[in-house]
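One structure is given below, encoded as C-alpha cells.
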Amino acid sequence: METYQVLARKWRPRTFSELVGQEHVVRALGNALQTGRLHHAYLFTGTRGVGKTTIARILAKCLNCEAGLGPTPCGVCATCCDIDRGRFPDMLEVDAATNTKVEEMRELLDNAQYMPVSGRFKVYIIDEVHMLSRSAFNSMLKTLEEPPEHVKFILATTDPQKVPVTVLSRCLQFNLRQMPPDLITAHLAHILEQEHISCEPAALPLIARAAQGSMRDSLSLLDQAIAYGGGQIRQAEVRDMLGTIEQDFLLAILRALSIQDGAALMQLAQNMVERSLSFEQALQDLAALLHDLALAHALPEQQEALGIEEALMPLAQIWDAQTLQLLYQIAVQSRKDLPLAPDDAAGFRMALLRMLAFQPEIPSSQPSQPAPQTKISKPVLAVAASKGPPPSPGDWLGLVRQLSGAGMAYELARHSQLLRYADGTLHLLLDPAQRHLMSYKEKLRMALEALLDADIRVSIEVGPVTGSSLAATEEKDRATKQQNAVDSIRNDPFVQAVMGALGGKLVESTIKPKQEQDQGEI
Ligand SMILES: Nc1ncnc2c1ncn2[C@@H]1O[C@H](COP(=O)(O)OP(=O)(O)O)[C@@H](O)[C@H]1O
Ligand SMILES: [Mg+2]
Ligand SMILES: [Zn+2]
C-alpha cells in the first residue's frame with residue numbers, strides 16, 4: 001500500500017522553473033551559474049516555507065549535476081537523484097537548530113579540506129544558521145574566511161538579525177519574499193489538478209490567506225482540508241476548518257471587551273491585520289457569537305440543546321440582555337458600514353471602539369439575573385420627550401428623530417416605514433435585513449405612547465421599504481452629498497485642467513463629503 005506523502009514534501013520544486021515567485025533570486029543565481037561567477041557562500045533569508053531549503057538544494061544540483069554546471073540541472077543523473085533524495089555524499093545538510101555544538105561543527109568543517117567524493121563541489125547547507133553557538137560560529141568563520149576552492153556554503157535563516165556581521169559580510173545575501181495569496185492560490189489549484197482532487201475554487205483563496213505568505217503552510221492546510229473534506233475540498237468546510245483560528249481571536253476580543261481593555265482590543269485587531277483575516281467575515285462571526293451569547297443569557301440551562309460553545313458560557317454572564325443586543329447591533333451595522341470605511345481594518349477598529357464605548361459603566365460582577373422584562377426606563381423617555389412639541393403620528397420621520405434617545409426602539413423605528421396610521425394603530429413596514437429588531441416592538445410602542453401622550457398600538461410587517469424610513473432617507477442623503485461632492489470636484493477648474501492635460505480620471509469612491517452630520521447614529 002502506498003503511504004500518503006504530505007503535499008509539501010511531495011511537491012518540493014526540483015528546478016528553478018518549478019519554483020513559484022522569488023524571481024529576483026532565480027535570475028541572479030541563474031546568471032551567476034551561466035557565467036560561472038560563483039560566490040563561495042550564499043545566505044538565504046525569509047520566513048518559513050518560502051523556498052530557502054528548496055533553493056539551496058536546487059543550487060546544490062546546479063553545482064554538481066553530471067550534465068554540467070548551469071542553471072538547469074538535468075534531474076535524472078545519479079547526482080541529481082541523490083540530491084533530491086537528500087543523500088548525496090558531497091552535500092551536507094545541517095540543521096543548526098538541533099546541532100549547535102561546537103565539536104560537531106568543527107568535525108563537519110574539518111571535513112571541508114578533503115576533496116569531494118563524487119561531485120564538483122562539497123556543498124554545506126546550514127539551516128537556521130542563527131541558532132549556532134558563538135564558538136560554532138567562530139569555527140565556521142575560519143573556513144568562511146579562507147574557503148577551499150571546492151567548498152560552497154549555503155546558509156539559511158528566518159532571523160538574519162541574529163547572524164553575526166562577520167558571517168553576513170562574507171555571504172552573498174538573498175531575501176526571499178513572502179508568497180502573495182494569489183500565487184499561492186494558483187499553485188494550490190495546479191497541485192490539486194495534478195492530484196485529481198476536486199475543489200470548489202472559492203475554497204483556495206481562504207487557505208492562501210490563512211497561510212500568511214508561507215507556501216509550506218498553505219500545503220499543510222491543503223492536506224488538512226483534504227482530510228477534513230474526505231478527499232474533496234469545499235468552501236464551507238474549509239471555512240469551518242480555518243474558522244477556529246479566527247474564532248480564537250473573536251473570543252479574545254469578547255473577553256477584552258468584557259473587562260474594557262481598549263489596548264488589548266486594538267492589539268488584537270492589529271494581530272488580525274497581520275494574519276490578514278477578513279474583517280467582514282470577522283464582524284459577521286462576531287455577530288453570530290453575540291447572538292449565541294444572547295441566547296445563552298436568556299436560556300442558560302439549554303446551552304447544550306442550543307449548540308452553544310462551552311467557551312462562550314462564562315461571557316454570557318457578564319453582559320445584560322440589552323447590552324448584548326446593542327453589541328450585536330453594532331456588529332451588524334458596522335459590517336454594513338464597512339464599504340464606507342477608509343479600509344476594512346479601520347472599520348473593524350471603529351466597531352470595537354463603539355462596542356467599548358457602549359459597555360455599561362461597571363461590568364456587572366453580580367451573578368446573572370434574568371434581565372428585567374423590557375420596561376423603558378424613565379430617563380430614556382425624558383430624553384425622547386424633551387425634543388420639542390409632540391409631532392403628529394403622520395409625520396413619521398419627525399417622530400422617529402425624536403426617538404433617538406430610545407436605544408433599540410429607535411433602531412427599530414429608524415428602519416421602518418409608516419404604511420398608515422388608523423384608529424390609534426401605527427402600521428409599519430420593517431426592512432427585512434433588520435428583522436431581528438422585531439423584538440423591540442413593545443419597547444417602541446411604549447416609547448411612542450410616551451412621546452405622543454396617547455394610547456398607541458403598533459403593527460409591524462416585514463418587507464422591502466420603499467425609501468421613506470429614516471435609515472433609507474439618511475442613506476439617500478448620504479448618496480446625494482457624495483454626488484454633490486463628486487460634482488463640485490469634477491467642476492473645479494483646477495481639477496478639470498489637470499484631467500484635461502493628463503487624461504486623468506476621477507476615482508469617485510475616493511471623494512468623501514465633508515464631515516458628515518451627526519445623524520444620531522450609535
Ligand atoms: N517558492 C516556492 N514555490 C513552490 N513551493 C514552495 C516554495 N516555497 C516553499 N514551497 C513548498 O514548501 C515546502 C517547504 O519549503 P522550504 O524550501 O523547505 O521552505 P523554507 O523556506 O522554510 O526552507 C516545499 O517542499 C514546497 O512544497
Ligand atoms: Mg528550510
Ligand atoms: Zn543531473
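Index from 1, following the sequence. Below, all heavy atoms of this structure are taken into account, side chains as well, without hydrogens, waters or symmetry copies.
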Go through the steps for Q325 and Y440 under the test side chain to side chain donor-acceptor pair (under 3.5 Å), then give the verdict.
CA-CA 10 Å; Q325 293 290 346; Y440 296 97; 2.9 Å; yes

Test side chain to side chain contact (heavy atoms under 4.5 Å, CB included) on L426 and L448 and set out the steps.
CA-CA 10 Å; L426 280 157; L448 286 167; 3.6 Å; yes

Test side chain to side chain contact (heavy atoms under 4.5 Å, CB included) applied to I318 and L293, step by step:
CA-CA 10 Å; I318 288 176; L293 278 177; over 6 Å; no

For a ring-ring contact (aromatic ring centres under 6.0 Å, His included) check, start with the C-alpha distance between Y328 and H436, then their side-chain angles and the critical distance, and finish with the verdict.
CA-CA 10 Å; Y328 173 84; H436 56 274; 5.3 Å; yes

Is there a side chain to side chain donor-acceptor pair (under 3.5 Å) between E128 and T158 once you walk through the steps?
CA-CA 7 Å; E128 297 302 355; T158 49; 3.1 Å; yes

Using side chain to side chain donor-acceptor pair (under 3.5 Å), reason through R239 and Q281 one step at a time and then give a plain yes or no.
CA-CA 10 Å; R239 203 184 278 294; Q281 186 66 39; 3.1 Å; yes

Step by step, would you call D127 with T53 a side chain to side chain donor-acceptor pair (under 3.5 Å)?
CA-CA 8 Å; D127 212 350; T53 304; 3.3 Å; yes

Test side chain to side chain contact (heavy atoms under 4.5 Å, CB included) applied to V238 and Y228, step by step:
CA-CA 8 Å; V238 168; Y228 197 92; over 6 Å; no

Can you check side chain to side chain contact (heavy atoms under 4.5 Å, CB included) on H427 and E461, steps first, answer last?
CA-CA 8 Å; H427 295 268; E461 291 168 43; 5.6 Å; no

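L204 places a side-chain heavy atom less than 4.5 Å from the side chain of L222. Side-chain contact between R9 and V6 is present, with at least one heavy-atom pair separated by less than 4.5 Å. Proximity of V50 to Q22: side-chain heavy atoms (C-beta onward) are separated by under 4.5 Å at one or more points. Using a 4.5 Å heavy-atom threshold, the side chains of E280 and R335 count as touching. Counting heavy atoms from C-beta on, the side chains of Y410 and L470 come closer than 4.5 Å. Side-chain contact check for V462 versus M438: some heavy-atom pair is nearer than 4.5 Å. Counting only heavy atoms from C-beta outward, the side chains of L192 and I233 approach each other to under 4.5 Å. Looking at heavy atoms from C-beta onward, R414 lies out of side-chain contact with Q434 at the 4.5 angstrom threshold.
The aromatic rings of F279 and F348 are tilted relative to each other, their planes meeting at an angle between 30° and 60°.
Atom CG of D223 is separated from atom NZ of K10 by 10.0 Å, given to the nearest 0.5 angstrom. With values rounded to the nearest 0.5 angstrom, W396 atom CH2 is found 11.5 Å from T473 atom OG1. Here the straight-line distance linking atom CZ of R354 with atom CD1 of I330 works out to 7.0 Å at 0.5 Å rounding. Put simply, CE on M179 and OG1 on T185 are 12.5 Å apart, with the number rounded to the nearest 0.5 Å. Annotation: the span from D285 atom CG to D292 atom CG amounts to 10.5 Å, rounded to 0.5 Å. Summarising the geometry, atom OG1 belonging to T157 is positioned 9.5 Å from atom CD belonging to Q173; distances are rounded to the nearest 0.5 Å.
Here the closest non-hydrogen pair linking G262 and L356 is CA-CD2, 3.7 Å. In terms of heavy atoms, M215 sits closest to L183 at CE-O, 4.4 Å. For the pair I197 and I226, the tightest heavy-atom approach, listed with the atom from each and the gap, is CD1-CD1, 3.6 Å. Minimum heavy-atom separation, A210 to L242: CB-CD2, 3.8 Å.
Judged purely by atom type and a 3.5 angstrom limit, Q232 has no side-chain atom pairing as donor or acceptor with the backbone of S198. K476 contributes no side-chain N or O that, together with a main-chain N or O of S468, makes up a donor-acceptor pair within less than 3.5 Å. Judged purely by atom type and a 3.5 angstrom limit, E449 uses its side chain to pair as donor or acceptor with the backbone of I456. H297 places a side-chain N or O within 3.5 Å of a backbone atom of W319 that can act as its donor or acceptor partner.
For CD of Q194, the number of neighbouring non-hydrogen atoms (other residues, nucleotides, ligands) closer than 6.0 Å is greater than 12. Within a 6.0 Å sphere centred on CZ of R12, other residues, nucleotides and ligands contribute more than 12 heavy atoms. Annotation for M266: atom CE counts as buried by contact number, over 12 foreign heavy atoms lying within 6.0 Å. Atom CD of E195 has more than 12 heavy atoms from other residues, nucleotides or ligands within 6.0 Å.
Residues passing the ring pair (Phe, Tyr, Trp, His ring centres under 6.0 Å) test with H130, sequence neighbours excluded: none.
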